[in-house]
Amino acid sequence: MTERRGVSRRGFLKGLGAAAVTGPVGFAGIAMAAKADEEAAAVPVLGPGATPVRLKVNGKVHDLSIEPRVTLLDALRDTIGLTGPKEVCDRGACGGCTVLLDGMAVCGCMMLAIDVGDREVTTVEGLCGPDGAPSDLQQQFVAKDALQCGYCTCGMVTAAEGLLRSKPVLSPDEVRAGISGNLCRCGTYTRIVEAVIATSALRRKGK
Amino acid sequence: MKPFSYARPTTAADVLKLLSPTARPKAGGNDLLDLAKRGVSTPATLVDLSRISVQEGGPRFDGVTVAEGGQLEIGARVTLAQIAASADVLRIFPALADAAAAAATPQIRNVATLGGNLLQRPRCAYFRDPFFDCLKRGGTSCPARDGVHDEMAIFGNAKCCATHPSNLATALLAAPQAGLATITVEIGAKGGLVWRTVELSDGFFVRPEDDPLIEAAIAPGELLWAAFVPAAPVSAYVEINQKQSYDWASVACAVVLDVEGDKIADARIALGAVAPVPLLSEPAAAALRGKGLRDTAAWDAAAAAATQGATPLARNGHKVRQLRAVVRRAIEAAVARSK
C-alpha cells in the first residue's frame, strides 16, 4: 500500500491523539490524582493523563503512552495502527471490534487497554501466517463467498477463530450461537456458518 | 468518556478504602463503560478488581464452589460464560446457567461478571440519555410515561417505569434463600473487614418509591463479593426478547419446583423485566402447589395468575400477554428437568 497525498486522514488523527496525550493537560492530571489519593499511598493510581501501557499484540510488544480511558480498540486502531478491528456501535452490540485475548473473543470497544495486562491480544491481522498468507479460516471465507461489503468480516473471522479454538467440533447451531455477537447487515450468515463448519472439518483432518 | 484515574489495589481492604461515590469498582466494565461513554456516569477513579486476591476465611471472589450441604457459592468476579458452562451450576441450579447463557453476546459473556450483571443500571433509554430529565438521575419527571415505553414496566410503575435489567437477579430470586455476601471496611480502623449477608428476597432490590437513584441496597463503599444458592435442580429460566442476541429481556421468568413423587410440593416463580425490581409471584406459585407435575391446566392457571395486578402503560399491554407465555414456558422447562 502506498501513502497518498502526504498526510493521510489516519495519520492526521494519530498526530492529534499524540499531542493530546503528551501535552501539559495530561501531566497536570497525574499530579492532581496523586494528591487526591495520598491516603492510599501504597496503591498505584494511574492517569488520568497518559500512562505507560504495554500491550502484546500479534506476537509483538508495544509500549504505549495512553490515558486509562483509552479502549483496547482505540489503542489498536489509533495508536498501534491495526485497523482490522472496526469501530461500529462502540457498545459491544455488533462485534465489529472483536479481538482475541489469550484466544478468547472479546469486544475491543468495551475493554480498556490498561485492563489487558499480560494477556496476548490477537487481531484479525494476527490470524495470518508469518508470511501474511491467509489462515485456513480466512481461505474458507473466500471459498464460501462468506462476505459482501466486508465491514463485519474482520470481527466475524476473529470471533469464529475464537469459537473454533474453544470447541473444535461444531454443529451449525453451535456456530450460529457462537457468532451471535457479530452483526452482518448484508445478511451473509448462511455462508459464514458454512465457512466455519468447513474449517472445523479441515482442522479435524489435520490439514 | 471523561478522563478518569485508574487505581490498581491488590487487596480487598485497599479496594474498600478507595471506593466512594466517585471512585467506582471495575470488574468486566461493560455497563460502567457504556454509562461513561454516554455521559450518564462520570467516575473520577476506576478501582480495578482484577488483581485482588482471595480473602482468607471468607467466601471466594472467583470460581464456582460446591459447599457442604450442596449449596453453590459463586464469586462475584465469575464471568457469565463460566456460569453458563459450569457443570456444577447446571446440576445444582440450572436456572442460573440458563440466565447467564441468555445474556448479551458470547464476547460480552466472556468478560461480564455475576456482580456486574446484578448491579448493572436499567436499560431505560431515557435514563441512559442525559438529554432527558429522569428520576433515576435526580430529576423530577419520568419522560418514559408519555414517551416510548413499549418495553417498560407493567408492575410497580407508578413512579418510574424502568425495568430491572439483570437476568441473573431474576434467576437467583427464584431460589429459596439465595443470598449475597458483601464486604465493607471499618471506618477509621486499620483495614478491618466487615462481612454482610443479605437475602435477595429481603430488601436487596430497591424500589423507586424507596429510592429512585439506586436499584440495589449496597453502599458506595461496599463491594459485592459472592452469591450463595441452595440446590434447586428442578429449575429453569426463560426469557422472551426482540432479538436473541445483545438484547435485554422483554419478559423473563425463573421457576423453581420442589417435587415430591409426581406432585409439585412447592414452587417459587420469579418475574423479570416487568417491574423496577425482580418480583416473586405468590399467586403463580400458589396455582402450582399440590398440583400434578404434568398438570398442564395448573401450568396455564399459574401463567394467568402471574399477570394478576399488572398495570400496563398505554403502549405495553403486549407485555402482559408475553409474561403469561414466558411463565408457561419456564414451568414447562423446569418440569422437563425433573427426574
Side-chain angles (χ1 to χ4, degrees), chain A residues 20 25-26 29-30 32-34 36-37 39-40 42-51 53 67-71 74 89-95 97-102 104-112 114-117 155 158-159 162-163 166-167 176-183, chain B residues 1-11 13-20 22-23 26-38 42-52 79 81-82 84-85 101-112 128 185 191 243-247:
Chain A
V25 176
I30 290 175
M32 275 162 53
D37 287 301
E39 243 192 279
V43 177
V45 178
L46 310 169
T51 187
V53 173
E67 294 177 52
R69 64 173 163 163
V70 174
T71 62
D74 287 345
C89 72
D90 199 28
R91 291 293 188 281
C94 73
C97 62
T98 302
V99 297
L100 304 181
L101 267 196
D102 283 346
M104 176 180 81
V106 302
C107 287
C109 74
M110 295 307 277
M111 171 158 293
L112 298 175
I114 202 169
D115 276 330
V116 172
T158 313
L163 181 64
S166 70
K167 197 164 186 294
R176 280 188 276 270
I179 59 164
S180 64
N182 295 71
L183 291 178
Chain B
M1 279 186 282
K2 292 269 195 296
F4 47 76
S5 2
Y6 183 93
R8 264 190 182 149
T10 51
T11 67
D14 281 342
V15 168
L16 294 164
K17 281 180 210 156
L18 287 165
L19 292 183
S20 75
T22 58
K26 180 181 179 299
N30 290 287
D31 195 43
L32 198 68
L33 292 191
D34 183 275
L35 292 166
K37 287 178 182 189
R38 294 174 197 257
T42 50
T45 306
L46 295 189
V47 182
D48 175 30
L49 300 182
S50 72
R51 288 161 196 244
I52 58 177
T79 66
Q82 289 168 331
T105 69
Q107 285 92 326
I108 290 175
R109 292 196 294 273
N110 280 339
V111 178
R128 284 188 184 248
V185 69
K243 299 185 294 160
Q244 287 186 332
S245 182
Y246 197 81
D247 195 12

Worksheet item: For the residue pair A/Gly181 and B/Thr105, what are the closest heavy atoms and their distance?
Response: CA-CB, 3.5 Å

Worksheet item: Is the closest side-chain heavy-atom distance between A/Ser180 and B/Pro106 below 4.5 Å?
Response: yes

Practice prompt. Take A/Met111 and B/Val111 through the test side-chain contact (heavy atoms from CB on, under 4.5 Å) and record every step on the way to the result.
Written response: CA-CA 9 Å; A/Met111 171 158 293; B/Val111 178; 4.1 Å; yes

Worksheet item: Is the backbone N or O of A/Val106 less than 3.5 Å from a side-chain atom of B/Asn110, with the two atoms forming a donor-acceptor pair by type?
Response: no

Worksheet, complete the sentence: To the nearest 0.5 Å, atom OG1 of B/Thr79 lies from atom CE of A/Met104 at 7.0 Å

Practice prompt. Kindly write out the residues that satisfy side-chain contact (heavy atoms from CB on, under 4.5 Å) with B/Pro9, not counting sequence neighbours, or none if the list is empty.
Written response: A/Val43, B/Ala7, B/Asp14, B/Val15, B/Leu18, B/Val47

Worksheet item: Between atom OH of B/Tyr246 and atom SG of A/Cys89, what is the distance when rounded to the nearest 0.5 Å?
Response: 6.5 Å

Discussion item. Looking at every non-hydrogen atom in both residues, tell me the closest pair between A/Met110 and B/Asn30 and how far apart they are.
Written reply: CE-O, 3.0 Å

Worksheet, complete the sentence: Assert top hit (heavy-atom pairs under 4.5 Å, partner chain B, pool A/Asn182, A/Asp115, A/Leu101) equals A/Asp115

Worksheet item: Got a sec, which residues hit salt bridge (charged side-chain N to carboxylate O under 4.0 Å, His left out) with A/Lys167, two or more places apart in sequence or on another chain?
Response: A/Glu174

Worksheet item: Rounded to the nearest 0.5 Å, how far does CZ of B/Phe4 lie from CD of A/Glu67?
Response: 9.0 Å

Worksheet item: At a heavy-atom separation under 4.5 Å, does B/Asp48 approach chain A through its side chain, its backbone, both, or neither?
Response: side chain

Worksheet item: Taking the side chain as C-beta and beyond, is there a heavy-atom pair between A/Arg91 and B/Arg38 under 4.5 Å?
Response: yes

Worksheet item: Does any heavy atom of chain B fall under 4.5 Å from the side chain of A/Cys94, the backbone, both, or neither of them?
Response: neither

Discussion item. Do B/Lys37 and A/Thr71 make a side-chain contact, defined as non-hydrogen atoms from C-beta onward lying under 4.5 Å apart?
Written reply: yes

Response to the item:
On a heavy-atom basis, the closest approach of B/Gln107 and A/Gly95 is NE2-CA, 4.2 Å

Worksheet item: Is the shortest heavy-atom distance from the side chain of A/Leu112 to the side chain of B/Leu46 under 4.5 Å?
Response: yes

Fill in: A/Ile114 CD1 to B/Lys26 NZ distance, which is reported to the nearest 0.5 Å
10.0 Å

